[in-house]
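Chain letters run A, B, ... following the sequence lines, proteins first, then strands; residues in each count from 1. Because only heavy atoms are used, hydrogens play no part in the values below, and waters and symmetry mates are left out as well, while side chains stay in.
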Amino acid sequence: MALIEVQHLKKYFDVPNGTLHAVDDVSFVIEKGTTMGVVGESGCGKSTLGTTLIHLQESTGGKILFEGKDVTHLDKKQLHDYREDVQIIFQDPYSSLNPRYNIARTIMEPLEISGRFRSKADVRAEAERIMDLVGIEERLRGSYPHELDGGRRQRVGIGRALALNPKFIVCDEPVSALDVSIQAQVLNLLMDLQDQQQLTYLFVTHDLSVVRHISDNICVMYLGQLVETCSSKELFAKPLHPYTKALLSAIPSTDVDRKMQRVQLKGEITSPINPKPGCRFAARCPYATDACREPQQLREIEPKHFVQCCRIEELG
Amino acid sequence: GSSASETTTAAAADTTAAAETTAAAAADTTAAAETTAAAGEASGTRAKTVTLGMNTQISTLDPYNGVSTGTIYLTEAIHDQLFSAPALGAPIESEIGKSYEISEDNKTITVEIYDYVHDQAGNEIKASDVAWSYNTYLATGNATGIAKYLENVEASDDTHVVFHLKEATCKETSAADAILTGCVIYNEAAYDADAYATNPVGCGPYKVKEFVTGASVTLERDPNYWQTDESLWASLKAQNVDTCIFKIILEDAQLALALETGDVDAVNYVSADNLQFFMDDAGNALSGYIIEPFSSILCVNVSFNMFPDAGSKVANDKNLRLAIEWAIDKEGITQTIMGRTASVSYGYATPLYGDYNPAWETQDIGFDVEKAKAYLAESDYVKNGSPTLVIMTESNEVKTKAAQMIQNYCKAIGINMEVKTADTALFDNYKYDFSEWDLKIDNNGSRQSLAAMYSTFLSHEHTSYNGVPTSFNGAPEGEMSKLCAIANNVDTNSQQTVDDVFNYYTENAIIYGLWGSINYIAAQDGITGLKVQALAYAQPWAFTYSADYKGVAD
Amino acid sequence: MGKYIVKRLLMMIPVILAVAILIFTIMTFVPGNPASLILGADATEEQIRIKEHELGLDQPYLVRLGSFLKQTFVELDFGRSYWTNTSVTEEMMERFPRTLAIAGFAMVFTTIIGIPLGIFTAVHEGTFADRIGVLLCVVGVSMPTFWLAMLFVLLLSLKLKLLPAQGMGGVQYYVMPVIAQSLGGISGMVRTARASMLEVVRADYVTTARSKGLSERKVIYEHALPNAMLPIISVLGGQLANQLGGALVIEQVFSIPGIGLYLINAVNTRDYPVAQSSVVFLSILFSLIVLATDLCYAAVDPMIRAQFTQGGKKKKKGKEENA
Amino acid sequence: MSADNGKTVKSEESTFLDVRDLTVQYTSMGSVIHAVNGITFQLKKGETLALVGETGAGKTSIAKAILRILPDVSAKSKGTVIFNNTDLMQMKEKEMQKIRGHKISMIFQDPMTALNPTMRVGKQISEVISAHRSISTEEAVAEGKKMLEMVGIPAERYYEFPHQFSGGMKQRVVIAIALACNPELLLADEPTTALDVTIQAQVLELINDLKERLNTSMILITHDLGVVNETCDNVAVIYAGRIIESGSKYDVFKHPGHPYTNGLFGALPNMNLDSDRLSPIAGLLPDPTNLPDGCAFAPRCPYVTDKCRQGTIPAVEVEPGHFCECIRMDEIRKER
Amino acid sequence: MSAKTKKEKKTGVNQWQEVFNILIHNPNAIIGFVIVAVLIILAIIAPWISPYDYLEMDLMAAKQGPSAAHLFGTDDLGRDILSRILYGGRYSMSLGFLSVGCGALIALVIGAVAGYFGGWVDNLLMRMMDVLSAIPGMLLSIIVAAALGTAYHDTVIAMAIGNVAALSRILRAQILSIREKEYVQAAKASNCSSFRIIFSHIIPNSVMPMIINCTSRLAAALLFCASLSFIGLGVQPPEPEWGAMLASARGYIRTYPYMLISPGLFIAVSVVGFTLLGDSLRDAMDPKLRK
Ligand SMILES: Nc1ncnc2c1ncn2[C@@H]1O[C@H](COP(=O)(O)OP(=O)(O)OP(=O)(O)O)[C@@H](O)[C@H]1O
Ligand SMILES: Nc1ncnc2c1ncn2[C@@H]1O[C@H](COP(=O)(O)OP(=O)(O)OP(=O)(O)O)[C@@H](O)[C@H]1O
Ligand SMILES: [Mg+2]
Ligand SMILES: [Mg+2]
């Protein structure tokens, strides 16, 4: 069953030099209990997509359906309820915790606000349960964020997101600030929690090995647009869009025996401000033709495998 | 006691201002000046330059335009008036005006002027110029001293000017003197308000050579002074020096130092604290200097808030007022704050005035703690819960000290007092707001007579509060006003009627003089005689100089 | 760049206008009546009313405000002093150079002594000289200027009789005011420059410069210094404001007839035209200085320069972040 | 490449960098941070050595110590760094300046802060050239432009300022600076960590390419094992300021000896294997102000014994050229 | 990293405690603190330790140089200068604290409103601050002091106004940056009300730079308070504010210079104290200087 369905979602920002198309006409579906990975380069709109989904920012256009209900526009009361179902975990475990709140208080705050608990003791008990769940040691519960290492901080962030028992969590690069050894701990925790609580994730990252490890489905974004989406397996096995191909080939492998064939991209990401119509990857795409300057459509090339590229058939 | 303010009102001028000690002393100096002037002329040794250090700012040189204390210093040098008053009580002297006549009914004054008057640029001065000068000055609104008396002024021919007095004031004692000495004369056609602020063309014996804003003014002898007959010069007119530099040095210690280090030839003022550098304990000048005291017309006084219903805690309690007066040791205050530079004031007066009565010195309230306590016991003060009285003063160093000392004396007999200071502008605002204070320290003086001063400040016609005409300390119409009016009327003025005023304010403890300032003027001893005008302001061109005198600017 | 300057100058207009209105309003509602002050104690109420009328004080607030603004900004005339009826513009032009001499020289010393000294101490961080310097600077910024000035007078004028204690005249009259006035500024500048330099010296690009094999002199003067100048420049404007403010007090101590004495006296005597005009004048001056500082800033920081040429909006953002 | 545990080994002919017993200590707020604790390694001409390790392991400190650009107020380094038969640590500062940027140069971790924001990009390149070669300004500019083009940036951008460049371009400028004088040794400190994958690929390609063309030796610092795999010959794994395992890339990747190295591979999401769970290393790096006795990894090690907590653990040569500091290594290797 | 792991030993230490820990290891901070503390304590216990009543005049003993009976001598009215200085501390200190405090309070409101609400409110308030800051601070305070008068609270207001513009800018800038912080987003996502976000998340994290700045301003305020009294626009006699004492001693610069020394010295020392304290506090709290 689809937990979240996004249709033609748009998010534009007004900036001094024009309109910045951070998310431009993105559509996808996330099934309950699965993880949707979102990959793409820095600044391509991954975070914006996540925050727009959970109404931390209002979308400019398009539609968001949550459990079949339209949640694109919400009044105060609806927003309140919606936010108990959706939560977010941020990339930077330094700036995502209030430095003046100790750990227990950070976890307890959403519980208190929710008004679900009769007494302070209940809140406390629930917070203890959550902290146990995410593995924060007893002795650290009174400490302040700056006293913790990144991994533990990220656990606190996860704990806070879990506090309200959400159904859907946007994970905005939750491990990219962490060392490999710590990163593994956090990834494991997220996967365990998903299993236990039937959570649904939108997992934003630019680390392809991570996304492959954790996601069921993957969206590849480029400059605000969704260029390819399909299941994780299929994407890695059979990337179709030239950008996806380049992206995958760029990942350095740890396998000493294998040498990958690189697709080298020329140039750098262009500005998302006042973009011209047409494929935004065209400027860097080795296969670009005039046809690419026309507006593009996301098309189902294979079952459940959507690609936005007009030359996909020719390229094979 | 110097004040850094560049301009203060003429009447409420600096406490440091002073004038001649007594009429006799004044006469002496005048005589000296005249003789030396004559001698200088005879021997041809007119001094070349003199530099006077001044502790007041000179902001404008045209008395029409504005008011600044420093301007008064130079007035006699640059300008001529119809007449001038050399000292309090002395008869006025002729300048442009040859003679005057007061009509029988005191309503008009007719003045005849010399027929050869011209200003420094050579423009002739006619009676019409005189009338124009008066009328122009009246129109500026600054001429408070004469506007009070004058209805209008007109020239009847080239040499005669007629002054029409206001009905209500024409019988006041000093009206004529005030009018005749109250305005400098310009040529109507030449007058230029802009230029005259820094370079006025007057009829006086000195011309302006240089004016440096805020720093100095240089005057130059006018060899073509219109009054060629020196015997007709008023006592403040002299040309004993070619160039006269007024250098502004506002700070006391630095002013004194300037004289010591030879930066200036004379200073217009020496503070009590700095006297020691120029005179010994006995009051004799140290070698190398000449120093002389000149008493001022200004009397620093404490007045009580007499307005009936504005919250004054002393208005209805004569015994309390008396208690306060008896508790204050004004000799101690004068000595501590002013040292030699003031004399204790008896009555609300200084001895300079012609109508001063030396008997007051024994009749005035003295310092007697026991008496004060007795009066306090009879008063309602304690019964009213010993409220804190407010003593208000201008935030001027000397007066603030006086207020602190009075506070201290009152505390000694159990009266609580709080000092409230206000800058000049706020003080000006609050002094007629009778809900603001209980006691007030102020200084007053008059260029005419005590009767005139009493009438100005003690009679109810002076100001009003909440629609009630009151005196400057809040007393509404009553006995005091009546006594003042009698004393100040040409028909009834006598020592007796002035005494009546004294007795009334002393018995009822309405006002209480603290001291009258004495201004010390010091100079290098190449200068042999000092000269001041009525307000005790130094007039360096009229100083006398020894033959071997050499100024610092030479 | 030219466009940017013009834009900034235009933006100054409403601010200065508001300053004028503000100061006019303060002066208007301050207790104290210039007419009665001018006329003195024995003036009658009638006379005061006449004087008020002559000065235009009897008109309603808005009418007076309007004519004040019109006179100042349309006719470009600062009016006449209530007391001396002299032209304020002329008087100010005569006095301003004296204030400028004090504040300006103090500023110059602050800059040419303070900055190099600050850099010197930073480069020699931890040495004896540095420690002494830091200590002296703390003392330097803590000395009340007027007290220092009085101590100077006591020593140099009264005791040693080397310099004139007050007043106006040749260069020797400015020696003590300027020194007294600069000491605090220099100390403050040393502290700013030192802190800024220390921060920059730790920056990665300085390490990069070292790793290039550049001599230490080059590293400090070509890499660290230009970057350290940024915060220094941004406090220069503030320093000048301090110096101007301090000049007001110093003028008082040394009885120098500059704008400060003029202004304080005008406020005390409720000489509205003088007080208002001096404040407006000083504010214009001050705003121009701030603009000049910003331009210097741009000259040193290419990032800001780029934003300058792009337009004002982004510029602001950058500035606020810096604050 | 070889490593030893303190015994002096005569450097082989082709060994041109020989680092022995290098230690670096920082003093910060009264406590001493033991950042690097006795590191010894050699590097041959043309070779690339990777230093791998977690944040705070001491990688950057090693590179800075070699180049002697540690902050002189707070840091102290000891040991010998023999470069072309001279000990850099004993060299006069003036001499050292001639080495820096010329014989040895460094690429810094963060391109965003490594460039001077107020100096034109080109100048930052050409000043290295003029510092080490006596050429005219014009020639230096021309050289600088050439370097820019070599790293794929049009020469006309010579006069621009760093803020006008994107992250990837800045990193390329930093590389151009490092390579401007054809150094014999390049210290590349995480040259791609701050960059996007596609850009990272470009930059790595560039470094590899240039290195081969100029026959430069390189020490590549990274925590990304993938990058190591793609660019290096030899690997040294740093843990708490010590090399706990070193050897050829092949040996270390295929047969890791140390439990920590092992753990690192386990923690990595593998692109090729579809394991559901990762096996992270428990715990954290030890406090560098207060290192435990014995093996620093002991508190986190699943194989820890009491002996691990005593004395210094000697390096054992498991295979030729493959050294490992673990007393239970043999058992562990067998177990695998 | 290192510092982090070290601190783990002692958990539950909030930032203030940490700042405190840093401070007590800094000799400058200790000196500054001791100076300030001593001066404050002296001011508080002045009534008990003053050898004389600070208002009591002994005309016989006027203008005496330092002696056993009067350690700092007596002034022109025979009051004991030491006692006056002890009492004077009350004015200098309290005026300093109050003026900075009031300035900070006003700035807090303005900065918070402008920073949080943004839009035209922000624009309006900031333009108002532009106007305030277009007048050099000292000048503004002098005018306001002249306008309001010299009562204690008037002086406080006059001095406070000079602080408002800069402080509110600092706070606003800080709020703008905190507002974008992820924990604020997270709080929003946790259904926190705006009120709670402002007062629980934004303000407590925004005031730090303001507090640092205020400490430095305290030193400046002491100096300024003295200047104001010195030019006659601050505390008035007979109250013994140090600047006012200097002003009244000025006339005796030549004859009794000792009257000038002690008040000036006390001003300087107290400012040194606050400067040192401010510097150390800034160093301790500034994350840039603390790795
Ligand atoms: N509040 C905002 N105002 C203006 N522009 C914004 C805003 N938030 C994001 N953007 C712009 O929108 C684009 C997408 O930003 P976003 O943060 O979603 O990228 P991202 O893919 O998450 O990048 P990263 O990997 O660096 O986190 C960027 O160009 C960014 O500058
Ligand atoms: N300037 C310094 N002052 C004090 N301690 C420092 C300094 N530089 C580094 N350290 C400490 O030294 C240790 C090693 O730091 P180093 O930068 O060498 O690690 P690294 O391996 O490069 O880490 P990263 O992967 O984060 O770059 C760390 O604990 C660090 O906190
Ligand atoms: Mg993001
Ligand atoms: Mg590093």
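Interface residue D:Q124: backbone and side-chain heavy atoms are both found under 4.5 Å from chain C. Looking at D:R68, there are no atoms closer than 4.5 Å to chain C (heavy atoms on both sides), in backbone or side chain. With a 4.5 Å cut-off on non-hydrogen atoms, D:Q164 does not touch chain C at all. Neither the backbone nor the side chain of D:P71 comes within contact range of chain C; no heavy atoms are under 4.5 Å apart.
Applying the 6.0 Å contact sphere to CZ of C:R131 captures no more than 12 heavy atoms from other residues, nucleotides or ligands. Summarising the local packing, CZ of C:F120 is surrounded by 12 or fewer heavy atoms from other residues, nucleotides or ligands at distances under 6.0 Å.
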C:E216/D:K94 under side-chain contact (heavy atoms from CB on, under 4.5 Å): CA gap, chis, key distance, verdict: CA-CA 9 Å; C:E216 197 57 27; D:K94 272 259 169 309; over 6 Å; no

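Between D:I69 atom CD1 and C:T207 atom OG1 the span is 6.0 Å, to the nearest 0.5 Å. How far OH of C:Y205 is from OG1 of D:T118: 6.5 Å, rounded to the nearest 0.5 Å. The distance from the OG atom of C:S211 to the CG atom of D:L187 is 9.0 Å, given to the nearest 0.5 Å.
Between the side chain of C:K212 and the backbone N or O of D:A178, no donor-acceptor pair lies under 3.5 Å.
For chain C, the option among D:M106, D:E127, D:K98 with the highest count of heavy-atom pairs below 4.5 Å is D:E127. With respect to chain D, the highest number of heavy-atom pairs below 4.5 Å among C:G213, C:A203, C:P226 belongs to C:G213.
Taking a cutoff of 4.0 Å between a charged side-chain nitrogen and a carboxylate oxygen, D:K123 and C:E222 qualify as a salt bridge.
Across all their heavy atoms, D:A114 and C:T208 have their closest contact at O-OG1, 2.9 Å.
Between D:Q97 and C:S215, the closest side-chain pair of non-hydrogen atoms falls below 4.5 Å.
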